[in-house]
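What follows is a short report on a single structure.
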Amino acid sequence: MIIKNFDNLFNAMCEKLNNKGFSVSRPNCETALFYNEKIVYKIELCREDCKVYLYYQNKDENKFNDDWNRVATWLFEDTISMKDINMICTDFTDVIYHSPKVSSSYTQRKKGYSDKGADALFLANRLANIFPELRKEIFIEKEAYSEFRGSVFIKENILPKIIALFSENNSDKRLEKLFKLLSDLYKSSSLNIRSLITMGIMNEITEDDKINKVKKYISEDFCNAWFAAQKFKNENFSINLNSKKKFLFKN
């Protein structure tokens with residue numbers, strides 16, 4: 001059954017990436033490749049762990065090698081629903097469209113953002129898979145400002161949702177998904193994104209009960225980076241308050 005579910009994920013991604021300039025290869029029943037002249041992405045099923053992974057590597061003279069960078073992970077059990085498969089597909093293709101490591105030029109050509117702005121937008125888009133209401137707020141931010149204000153957007157739009165999630169009933173699964181996502185992003189992303197995660201989000205989690213819960217879901221390296229960043233808690237981290245508004249919304 002899990003192979004059939006992986007087939008469904010593969011087919012959904014093929015449909016999403018159709019006419020986007022990617023070739024497709026299926027080396028075996030647990031692996032699929034999506035690639036163009038510069039980049040290759042791999043989705044891989046691990047039946048032992050009941051997880052599915054998304055990797056990428058820069059393409060070197062039409063050859064693939066064993067040096068893969070993991071950028072996303074999802075639980076992938078026999079009982080997974082088609083709704084969940086479509087959500088994973090959306091997340092994986094969102095990474096492919098917006099990853100600053102491999103396609104930041106796409107984002108910058110579209111909006112003219114700096115590296116920091118593109119990285120912040122990438123992070124916000126990833127977190128919108130946990131908090132769907134962020135999509136409207138991201139749209140407003142992009143339309144209102146010439147530069148995506150990463151630290152301001154996190155403080156005003158993302159952080160309140162994360163803090164509120166701790167108080168919601170039956171929120172453990174969403175918390176686990178959120179902090180495993182942040183842990184994976186910290187491992188694989190740029191210094192800009194690491195700074196936004198540690199200093200913009202993690203440093204604002206201060207209560208012992210919340211800290212102990214989060215520690216269950218994140219890697220040891222990410223946990224160490226979090227505690228190391230606490231010494232800079234009161235520092236100003238890459239806040240850009242000088243972006244000019246493009247227009248004012250009317251009431």
Considering all heavy atoms of both residues, which atom of [X] and which atom of [Y] are nearest to each other, and what is their separation?
{"X": "E141", "Y": "E147", "result": "OE2-O, 4.2 Å"}
{"X": "W68", "Y": "V40", "result": "CZ3-O, 3.7 Å"}
{"X": "R174", "Y": "I130", "result": "NH2-O, 2.9 Å"}
{"X": "L182", "Y": "L127", "result": "CD2-CD2, 4.0 Å"}
{"X": "A229", "Y": "T198", "result": "CB-CB, 3.9 Å"}

Counting C-beta onward and ignoring hydrogens, is there a side-chain heavy-atom pair between [X] and [Y] closer than 4.5 Å?
{"X": "F92", "Y": "T90", "result": "no"}
{"X": "N212", "Y": "D209", "result": "no"}
{"X": "M199", "Y": "R194", "result": "no"}
{"X": "M202", "Y": "V214", "result": "yes"}
{"X": "I211", "Y": "I205", "result": "yes"}
{"X": "C14", "Y": "V24", "result": "yes"}
{"X": "I162", "Y": "L175", "result": "no"}
{"X": "L123", "Y": "I154", "result": "yes"}

**Report entry** Contact list for residues 25-34, test salt bridge (charged side-chain N to carboxylate O under 4.0 Å, His left out), sequence neighbours left out
**Finding:** D7-R26, E30-R47
Rounded to the nearest 0.5 Å, how far apart are [atom1] of [X] and [atom2] of [Y]?
{"X": "L54", "Y": "F34", "atom1": "CG", "atom2": "CZ", "answer": "9.5 Å"}
{"X": "I158", "Y": "I138", "atom1": "CD1", "atom2": "CD1", "answer": "7.0 Å"}
{"X": "N8", "Y": "I85", "atom1": "CG", "atom2": "CD1", "answer": "5.0 Å"}
{"X": "K161", "Y": "L178", "atom1": "NZ", "atom2": "CG", "answer": "12.5 Å"}
{"X": "I193", "Y": "D119", "atom1": "CD1", "atom2": "CG", "answer": "4.5 Å"}
{"X": "S171", "Y": "L165", "atom1": "OG", "atom2": "CG", "answer": "4.5 Å"}

Identify whether NZ of Lys or CZ of Arg in [X] sits under 6.0 Å from the centre of the six-membered ring of [Y] and within 45° of that ring's axis.
{"X": "K210", "Y": "F166", "answer": "yes"}
{"X": "R149", "Y": "Y145", "answer": "yes"}
{"X": "K180", "Y": "Y217", "answer": "no"}

Is the side chain of [X] donor-acceptor paired with the backbone N or O of [Y] at a distance under 3.5 Å, no angle test?
{"X": "T31", "Y": "P27", "answer": "no"}
{"X": "S183", "Y": "S219", "answer": "yes"}
{"X": "N36", "Y": "K38", "answer": "yes"}
{"X": "D221", "Y": "K187", "answer": "no"}
{"X": "R126", "Y": "V95", "answer": "no"}
{"X": "N224", "Y": "E220", "answer": "yes"}

Query - Worked check of ring-ring contact (aromatic ring centres under 6.0 Å, His included) between F222 and Y186 - result: CA-CA 7 Å; F222 182 36; Y186 183 85; 5.1 Å; yes
Query raised in the report: Parallel, tilted or perpendicular: which describes the rings of F6 and F76, with under 30° parallel and over 60° perpendicular?
Result: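 Answer is perpendicular, since the angle exceeds 60°.
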Report task. State whether K155 and E204 are salt-bridged, where the test is any N-O pair (Lys NZ or Arg NE/NH1/NH2 against Asp/Glu carboxylate O) under 4.0 Å. Result -> no
Query raised in the report: Above 12 or not: heavy atoms from other molecules or residues under 6.0 Å from CD of E133?
Result: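 Yes - once you tally the heavy atoms of other residues, nucleotides and ligands closer than 6.0 Å, there are more than 12.
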Query - E168 atom CD, over 12 foreign heavy atoms within 6.0 Å - result: yes
Query - Step-by-step side chain to side chain contact (heavy atoms under 4.5 Å, CB included) determination, K213 to E176 - result: CA-CA 9 Å; K213 179 168 286 191; E176 180 179 7; over 6 Å; no
Query raised in the report: Which is it for Y35 and F22 under the ring-ring contact (aromatic ring centres under 6.0 Å, His included) test, yes or no, and what are the steps along the way?
Result: CA-CA 5 Å; Y35 55 94; F22 285 94; 8.5 Å; no
**Report entry** Verdict with reasoning, I88 to D91, per side chain to side chain contact (heavy atoms under 4.5 Å, CB included)
**Finding:** CA-CA 5 Å; I88 295 170; D91 181 62; 5.6 Å; no
Query raised in the report: Step by step, would you call Y56 with K42 a side chain to side chain contact (heavy atoms under 4.5 Å, CB included)?
Result: CA-CA 6 Å; Y56 85 89; K42 177 174 71 170; over 6 Å; no
Query raised in the report: Does the side chain of D94 come under 3.5 Å of the side chain of N125 through a donor N or O and an acceptor N or O?
Result: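 No, no side-chain donor-acceptor pair sits under 3.5 Å.
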Query raised in the report: Do N192 and S195 have side-chain atoms, one donor and one acceptor, less than 3.5 Å apart?
Result: no
Requested in this report: Determine, step by step, whether N203 and W226 satisfy the side chain to side chain contact (heavy atoms under 4.5 Å, CB included) criterion, reporting the C-alpha distance in whole Å, the side-chain angles of both residues, the deciding distance to 0.1 Å, and the verdict.
Outcome: CA-CA 7 Å; N203 272 3; W226 172 19; 4.0 Å; yes
